[in-house]
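Below, chains carry the letters A, B, ... as their sequence lines are ordered, and counting in each starts from 1.
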2 protein chains.
Amino acid sequence: MLTLRQMRYFEALASARHFGKAAELVHVSQPALSAQIMEMENHLGVKLVERSRSGVFLTRKGEEVLSRTRAILAEVDQLEQSARASSGTLEGRIRIGVIPTLAPYLVPRLVPHLRSVYPAIEIELKESVTSRLVADLGEGLLDAVVAALPIETEGLSTKPLFSDRFYMAMADDERNILMSPLTEDQVDVEQLLLLEEGHCLRDQALAVCSTAGKRRLVSFGATSMTTLLQMVANGMGMTLIPEIAIATEASRNAIRIVPFAAPEPAREIGLIWRRSSPRERDMEALATAISGCADDILQAAAA
Amino acid sequence: MLTLRQMRYFEALASARHFGKAAELVHVSQPALSAQIMEMENHLGVKLVERSRSGVFLTRKGEEVLSRTRAILAEVDQLEQSARASSGTLEGRIRIGVIPTLAPYLVPRLVPHLRSVYPAIEIELKESVTSRLVADLGEGLLDAVVAALPIETEGLSTKPLFSDRFYMAMADDERNILMSPLTEDQVDVEQLLLLEEGHCLRDQALAVCSTAGKRRLVSFGATSMTTLLQMVANGMGMTLIPEIAIATEASRNAIRIVPFAAPEPAREIGLIWRRSSPRERDMEALATAISGCADDILQAAAA
DNA sequence: TAAGCATGATAGGAAAATCCTATCGATTTT
DNA sequence: AAAATCGATAGGATTTTCCTATCATGCTTA
């Protein structure tokens with residue numbers, strides 16, 4: 001029985017004019033390729049290639065078979081392409097960027113959910129700071145970004161997904177006798193621990209705990225919420241924590257979570273994509289999925 | 001990896017609209033067919049068929065994939081057909097190299113003859129010196145070469161075709177009073193006109209008219225026998241002419257042809273091909289055709 | 001001229017794909 | 001309800017494909 005494998009190997013052989021090199025082209029050992037070529041020749045009852053010291057030549061039949069083979073392989077390729085060209089919602093590859101203060105809490109729920117609802121989805125994720133993600137989005141390296149609004153860049157569409165309230169996290173054995181609920185001017189900025197430069201949460205924390213008139217900030221920045229909260233648990237200070245992180249982080253660190261007084265500060269998480277993208281429907285579906293997951297997570301935190 | 005097997009099963013399924021019956025069509029059990037269809041759907045990331053109570057329906061994507069699949073299967077079928085259609089003797093392209101001192105006399109007879117006996121032949125000709133032809137043969141650019149034996153190169157097979165005696169050609173109004181038949185030491189090498197470097201006939205001429213003790217040779221070489229014989233006719237000297245050229249050349253130049261005394265010097269013309277070539281039968285047929293043509297031409301010369 | 005190199009073929013056993021029988025679960029028919 | 005239909009699933013056998021190691025041959029080099 002003639003197979004596409006044989007044709008692919010034969011095509012490689014015709015291109016390389018050398019069994020060993022052709023084998024490399026198709027990522028297989030030379031005997032494996034040899035065997036398939038021989039099988040093909042036997043099946044067709046024709047010598048396709050002439051093996052001589054000065055190289056490998058196609059016979060006349062080989063030339064004809066090659067041209068037909070190439071046509072067939074090209075059509076198979078087209079078939080695969082066209083079949084994969086996702087026509088339905090969230091079919092095929094989608095590349096999503098998520099900010100680091102959100103990804104560890106959202107992604108573990110979101111991905112399995114998407115996979116089960118959209119079995120044909122192929123998810124590629126990237127975690128980075130907003131500016132990097134937005135740049136990648138603009139360059140077509142990502143299809144969508146999940147980050148804190150507002151986003152100012154031109155040419156992008158956004159859709160609010162959910163509101164993520166801020167809490168203050170401090171060591172459980174804290175000597176600080178802070179009132180709960182907290183008001184923003186009670187925060188000692190010199191005790192505030194921050195993520196490194198570039199994270200939007202850093203800027204948000206500074207905005208919440210207005211720094212007017214205060215002198216020094218803790219100069220080093222952590223690279224993840226988890227690190228930051230370990231520092232908090234060890235009594236090195238306190239930090240702002242988004243509600244979505246609470247369920248996960250409170251369970252693994254001895255920390256106390258203190259709410260702010262109304263109006264509670266919060267960040268708005270939104271979905272961002274290129275306005276020119278033709279995947280409007282995918283974005284709708286993705287937004288619905290993310291909102292749903294976020295609601296689940298926040299509900300778990302409240303409990 | 002997409003396979004023809006999957007496509008064949010899919011085609012059967014689309015025709016039968018029933019897994020069990022499709023399985024019968026391709027002589028396989030129902031689970032085997034099921035598995036291949038599932039594999040194909042997974043690979044393409046698309047549902048091809050809808051399994052419902054009232055039978056099996058193709059999805060929209062399935063319809064498209066089906067039409068492409070059928071086209072591909074048909075082409076594969078054609079490939080097998082055409083490859084199996086054992087090409088008979090001397091069908092299709094054959095690339096033949098012929099040396100310049102032979103081609104102008106042999107080819108005009110050989111080609112029409114081949115065309116009439118083997119109507120499906122496609123002849124490509126190349127005229128060059130032996131070394132060039134043999135190199136092309138080795139690189140698979142030619143299928144056969146007609147040249148003077150012996151040929152030394154490895155990996156080649158040869159078959160003698162005919163013997164081509166040498167004569168001496170001189171101006172008809174020649175003042176030289178040479179005995180006929182001629183003996184080799186009667187030739188004045190300083191009057192001998194030669195082809196340019198690389199032609200085997202040049203070397204043969206020098207071998208025949210042993211140059212031992214002689215001084216100068218005519219330094220410029222002609223590029224063809226015809227040119228050479230025009231020079232002879234114009235009294236610039238004399239030259240060796242192979243018998244096969246006589247009929248053509250004697251009629252268009254005022255020259256006298258003088259035979260050598262026995263044993264008459266001659267060149268052996270042979271057919272040369274790669275030993276690894278699978279076209280043994282073509283070579284036999286070609287050899288027979290060439291020998292036949294050569295006999296005709298030589299007979300014409302004798303008359 | 002012999003040793004070394006390049007190249008495709010061969011051998012033997014491992015890994016992967018494919019298949020088969022038997023059976024399940026869901027649905028339709030009797 | 002019982003029986004029948006139909007595609008999916010399970011478990012194990014068979015076939016195909018592959019890999020490593022080695023061979024055979026012809027060419028190149030020392």
Side-chain angles (χ1 to χ4, degrees), chain A residues 1-44 46-59 62 119, chain B residues 1-44 46-59 62 134-135 137-140 151-158 272-278:
Chain A
M1 187 74 29
L2 195 55
T3 68
L4 283 181
R5 175 180 268 117
Q6 288 164 7
M7 295 193 210
R8 293 191 178 106
Y9 290 7
F10 176 57
E11 209 280 332
L13 178 59
S15 300
R17 298 163 72 83
H18 185 288
F19 278 74
K21 285 167 190 159
E24 274 184 36
L25 280 183
V26 294
H27 308 104
V28 102
S29 70
Q30 170 261 315
L33 185 129
S34 260
Q36 290 294 323
I37 299 296
M38 269 190 289
E39 179 58 33
M40 190 169 173
E41 288 184 324
N42 282 350
H43 174 72
L44 295 178
V46 176
K47 275 193 83 155
L48 297 173
V49 299
E50 196 183 315
R51 290 90 160 154
S52 89
R53 343 275 138 246
S54 43
V56 169
F57 312 119
L58 295 191
T59 62
Chain B
M1 187 79 13
L2 197 55
T3 68
L4 283 181
R5 185 187 313 252
Q6 288 163 9
M7 296 193 211
R8 293 188 179 109
Y9 290 7
F10 177 59
E11 210 279 333
L13 177 59
S15 300
R17 299 178 160 281
H18 185 287
F19 279 72
K21 285 166 190 160
E24 275 184 36
L25 281 182
V26 292
H27 307 104
V28 102
S29 72
Q30 169 262 315
L33 185 130
S34 259
Q36 290 296 322
I37 298 298
M38 271 190 286
E39 178 58 32
M40 188 169 174
E41 289 184 319
N42 283 350
H43 174 72
L44 295 178
V46 176
K47 275 192 82 157
L48 297 173
V49 298
E50 195 182 315
R51 291 85 161 160
S52 86
R53 19 243 147 278
S54 44
V56 170
F57 308 112
L58 295 192
T59 63
V134 168
L137 192 58
E139 287 169 29
I151 294 294
E152 69 300 319
T153 312
E154 290 291 312
L156 298 181
S157 292
T158 65
I272 306 140
W273 66 93
R274 287 187 301 282
R275 193 183 308 147
S276 61
S277 163

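One can place CG of B:Asn42 at 13 Å from C1' of D:dA8, the figure rounded to the nearest angstrom. Taking atom CG of residue B:Leu2 and atom C1' of nucleotide C:dT18, one finds them 16 Å apart after rounding to whole Å. Look at CE on B:Met1: it is 11 Å from P on C:dT18, rounded to the nearest Å.
For C:dT7, the OP1/OP2 oxygens have no side-chain nitrogen or oxygen of A:Arg51 closer than 4.0 Å.
The shortest heavy-atom contact between B:Pro278 and A:Lys47 is CB-CD, 3.6 Å. Annotation for B:Val49 and B:Phe10: closest pair CG1-CE1, 4.1 Å, computed over non-hydrogen atoms. Scanning all heavy atoms of the two residues, the minimum distance from A:Met40 to A:Leu2 falls at CG-CD1, 4.0 Å. Minimum interatomic distance between B:Trp273 and B:Leu137 (heavy atoms only, all atoms of both residues): CA-CD2, 3.9 Å. Pairing each heavy atom of A:Phe19 with each of A:Ser34, the nearest pair is CD2-OG, 3.3 Å. Looking at every heavy atom in both residues, A:Gln6 comes nearest to A:Met1 through NE2-O, 3.8 Å.
By the side chain to side chain donor-acceptor pair (under 3.5 Å) test, A:Thr59 is found to be paired with no residue, residues two or more places apart in sequence or in another chain being considered. In this structure, the side-chain contact (heavy atoms from CB on, under 4.5 Å) partners of B:Leu25, at least two apart in sequence or on a different chain, are B:Ala12, B:Ala16. Residues that satisfy the salt bridge (Lys or Arg N to Asp or Glu O under 4.0 Å) test with A:Arg51, not counting sequence neighbours, are A:Glu41.
Residues A:Leu4 and B:Met7 form a side-chain contact, since some pair of their non-hydrogen atoms from C-beta on lies under 4.5 Å apart.
Computed from C1' positions of five pairs at each end, the angle between the two local axes of the helix from C:dT1-D:dA30 to C:dT30-D:dA1 equals 10°, rounded to 10 degrees.
Within residues 3-26 of chain A, the residues approached by DNA chain C to less than 4.0 Å at the level of any non-hydrogen atom are A:His18, A:Phe19, A:Gly20, in residue-number order. Contacts between residues 28-41 of chain B and DNA chain C, defined by a heavy-atom separation below 4.0 Å, involve B:Val28, B:Ser29, B:Pro31, B:Ala32, B:Gln36, listed by number.
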